Student: 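Structure below; questions to follow.
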Amino acid sequence: MTTILFIEQMLNGLGYGFMLFLLAAGLTLVFGIMDVMNLAHGSLFMAGAYVAAHVHGRTGSFVIGVLSALAVVLVLALVLEVFLVRRLYGREHLAQVLATFGVILVADDAVKLIWGAAPIMASAPALLSGPIELLPGLMYPSYRLLILAAGVLVAVGLYLLVNHTRVGMLVRAGASNRRMAEFMGVRVGQVFSMVFLLGATLAALAGALMGPLTAVQVGMGEEILIPSLVVLVIGGIGSVRGAFVAAMVVGMVDTIGRAFLPLLLRSFLSPTLVSDLAPAMAGLATYALMACVLAFKPAGLFPARG
Amino acid sequence: MPSQFVYKALALSRLAVIAALACSHWAAAHAADAIKVGVALDISGPFATGGAEARDGINLAVKLLGNKLGGLPAEFIQVDTAGSPDQAKQAVDRLIQQSKISFFTGPTPSNVALAVGPALFAAKVPFITSNPGPSQYAGGQCNPYFFGLSYQNDTWDEAAGQHATDKGYKNAFIIAPNYPAGRDHLTGFKRRYKGEVVAEVYSKVGQLDYAAELAEMRASKPAAVYFFLPGAMGINFIKQFVASGLSKDTVLVTSPASADEDTIAAVGEPMLGLFSTSQWSHDLPAAANQKFVSEFRKTYNRYPTFYAAQAYDAIFAMDAAVRDVKGKVDDKPAVLKALKAANFESVRGPFKYGNNNFPVQDYYLRVIGKNAQGQITNKTLTTVLKGHSDAYHEQCRMK
């Protein structure tokens with residue numbers, strides 16, 4: 001194995017980690033502060049991807065595509081918050097899971113009605129369709145670099161917002177002890193609405209950016225929701241810092257499993273057996289990691305509630 | 001645009017209701033007369049692009065035949081299998097038991113073909129494949145009720161392997177999804193390729209992000225990459241291959257599953273110069289092909305793919321068989337004999353079936369370039385394999 005291969009795979013892992021972080025950040029705040037389990041988060045991701053691909057295809061501008069995805073999903077999230085999620089505060093988790101699962105079903109069928117069941121092949125902007133030479137011998141797709149850059153920007157932005165602003169202080173207060181924060185006069189409901197919309201926008205951003213790398217299709221939200229929930233649990237519910245660290249770790253573990261395990265196994269097993277075994281073992285590694293973390297730190301790596 | 005889609009969807013649903021009402025009257029009156037044909041395709045799921053193409057090919061053939069087979073009224077019942085063998089099995093059971101179909105065509109991937117075959121063979125329903133040609137049905141599990149009208153999976157890649165050998169590529173990285181057809185296709189390539197295979201990789205079915213595999217390719221520096229990645233998988237693979245800068249030093253060779261007009265429409269310029277091998281191409285001179293391509297372009301305003309061509313052929317194969325048995329579709333031995341005679345003009349030109357009901361046919365080398373009008377499309381170059389039979393026919397006990 002060469003250094004170039006190692007670096008390239010690590011960059012791929014970071015890219016995946018950042019995407020997970022964009023989703024998990026919103027999810028962890030919503031769950032941490034308001035104790036609302038929102039499974040429809042994945043549907044917002046899907047909506048972002050569809051709107052971005054559609055608008056990009058129509059206007060030819062990737063930036064307009066991403067911006068309109070953010071705007072449309074913001075409106076959708078507002079509707080969702082006012083008509084459904086707000087009514088689920090204080091209800092038991094089963095009710096929340098059922099209600100938001102219902103949203104998934106509706107969203108998937110709505111997308112099928114509008115865009116059809118066949119996947120849409122979104123394309124990266126023409127400017128970023130080529131590679132960039134990062135190191136001698138290491139060409140890396142420029143679009144993937146854009147995703148890394150976007151991930152870093154959002155992470156820094158969230159860090160500043162949560163740790164160095166008044167709003168962030170209210171968010172942290174709500175996450176660590178909601179009732180106490182309410183007694184102290186914080187309007188947790190308002191803070192929550194804002195956090196919900198912020199989370200939805202991040203999900204839409206992730207969807208819009210991921211579209212050109214995969215394909216925009218029904219069910220893409222559920223596919224990424226599961227690893228995001230793993231990130232949420234590993235990082236500790238309600239903690240943005242935890243979500244960040246966990247997303248990076250899960251991204252790395254997934255990539256190591258997907259990229260290096262097959263190389264290792266292929267030296268002594270048949271290629272078809274490797275392709276059956278390696279993904280299963282890679283998938284297992286993520287969950288084994290989660291089990292280990294929970295065994296030693298039951299509340300996750302960085303629990304928001306002390 | 002979305003509102004247009006909503007209108008279309010509403011119009012379609014209204015149409016469906018009317019059609020259902022009409023059908024229930026019509027079915028009561030004509031149930032005994034119409035020859036029923038089951039069509040199971042992947043309209044959604046990882047193989048959706050191929051399924052939609054096959055549907056368009058079938059609909060065109062049905063339109064040209066005036067909703068008839070061999071001059072008799074026919075009913076074509078279409079179901080979506082969504083790439084799921086389980087869903088396909090249930091749908092095919094319904095087609096057999098409730099609709100009492102006399103012919104079956106579809107599906108898109110080989111694993112679905114393998115899943116639905118046994119029920120059709122047990123019910124003695126001829127299964128004329130619209131695309132997949134799994135090695136199992138060509139060899140040990142061959143069946144008189146299965147007709148591999150299109151091609152046997154390995155053969156495309158045997159032609160591609162021959163081409164890679166002829167070109168003298170000293171080593172190759174080969175990749176396919178991990179399902180029966182993927183394994184057939186890479187086995188076929190290895191059978192004829194004399195250079196070194198640096199890595200044989202099986203990715204997940206439906207995988208769309210090939211970053212890990214591309215990094216491995218960069219590290220192993222092969223002279224050629226052979227990939228069999230149908231539908232959206234191939235579209236993404238080619239885009240990402242080009243985006244990662246690998247196309248400078250490595251030649252891409254593939255099968256029509258990732259080099260036909262549907263992929264070209266989605267990928268565009270990066271496809272230029274891509275070689276593939278196939279038993280069919282839209283520029284083949286056969287008269288039936290000229291008619292098919294011009295009718296297809298008139299109806300759908302685009303070039304057809306091999307999925308559409310093969311599915312179109314499947315309907316004409318049924319049409320010829322019904323005509324030959326004079327509508328007696330319940331006389332199974334006669335129907336099988338008529339199907340095997342293949343008394344119709346195939347779009348690929350003349351072909352005949354071998355002992356295992358798979359075609360003995362020519363395979364061509366094609367390259368993607370710009371035509372006189374500046375459109376990016378396939379052009380047939382040479383014949384790579386002439387009168388080629390698949391590698392499994394000796395294992396089949398049928399004569």
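Bear in mind that the values here come from a model prediction, so they are computed numbers and not experimental data.
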Student: To the nearest 0.5 Å, tell me how far A/S275 OG sits from B/Y179 OH.
Tutor: 13.0 Å
Student: Side chain, backbone, both or neither: which part of B/Q240 has a heavy atom under 4.5 Å from chain A?
Tutor: side chain
Student: Need one label for A/S123: side chain, backbone, both or neither, based on atoms under 4.5 Å from any heavy atom in chain B.
Tutor: both
Student: Which region of B/A243, side chain (C-beta onward) or backbone (N, CA, C, O), has a non-hydrogen atom less than 4.5 Å from a non-hydrogen atom of chain A, or is it both or neither?
Tutor: both
Student: What's the separation between atom OG1 in A/T214 and atom CG in B/N236, rounded to the nearest 0.5 Å?
Tutor: 7.0 Å
Student: Can you tell me which of A/P262, A/A215, A/A259 forms the most heavy-atom pairs within a distance under 4.5 Å of chain B?
Tutor: A/A215
Student: Let me confirm one number: the CG-OG distance from A/L138 to B/S244, rounded to the nearest 0.5 Å.
Tutor: 10.5 Å
Student: Taking side chain as everything from C-beta outward and backbone as N, CA, C, O, which of these in B/K248 sits under 4.5 Å from a heavy atom of chain A? Side chain, backbone, both or neither.
Tutor: side chain
Student: With a cut-off of 6.0 Å (strictly less than), are more than 12 heavy atoms of other residues, nucleotides or ligands near NZ of B/K204?
Tutor: no
Student: Side chain, backbone, both or neither: which part of A/A126 has a non-hydrogen atom closer than 4.5 Å to chain B?
Tutor: neither
Student: If you count heavy-atom pairs under 4.5 Å with chain A, which of B/A211, B/G231, B/A48 comes out on top?
Tutor: B/A211
Student: For the interface with chain A, which of B/S44, B/A215, B/P270, B/G245 has the highest count of heavy-atom pairs at distances below 4.5 Å?
Tutor: B/A215
Student: What distance do B/E216 atom CD and A/R266 atom CZ have between them, rounded to the nearest 0.5 Å?
Tutor: 4.5 Å
Student: Can you tell me which portion of B/A52 sits under 4.5 Å from chain A's heavy atoms? Options are side chain, backbone, both or neither.
Tutor: neither
Student: So which part of A/E133 gets closer than 4.5 Å to some heavy atom of chain B, the side chain, the backbone, both or neither?
Tutor: neither
Student: Rounded to the nearest 0.5 Å, what separates atom CD in A/E223 from atom CG in B/L208?
Tutor: 8.0 Å
Student: Considering residues, nucleotides and ligands other than A/F83, do more than 12 of their heavy atoms fall under 6.0 Å from its CZ?
Tutor: no
Student: For the pair A/R144 and B/D209, evaluate side chain to side chain contact (heavy atoms under 4.5 Å, CB included) and give the outcome as yes or no after the intermediate values.
Tutor: CA-CA 11 Å; A/R144 286 184 198 269; B/D209 185 352; 2.8 Å; yes
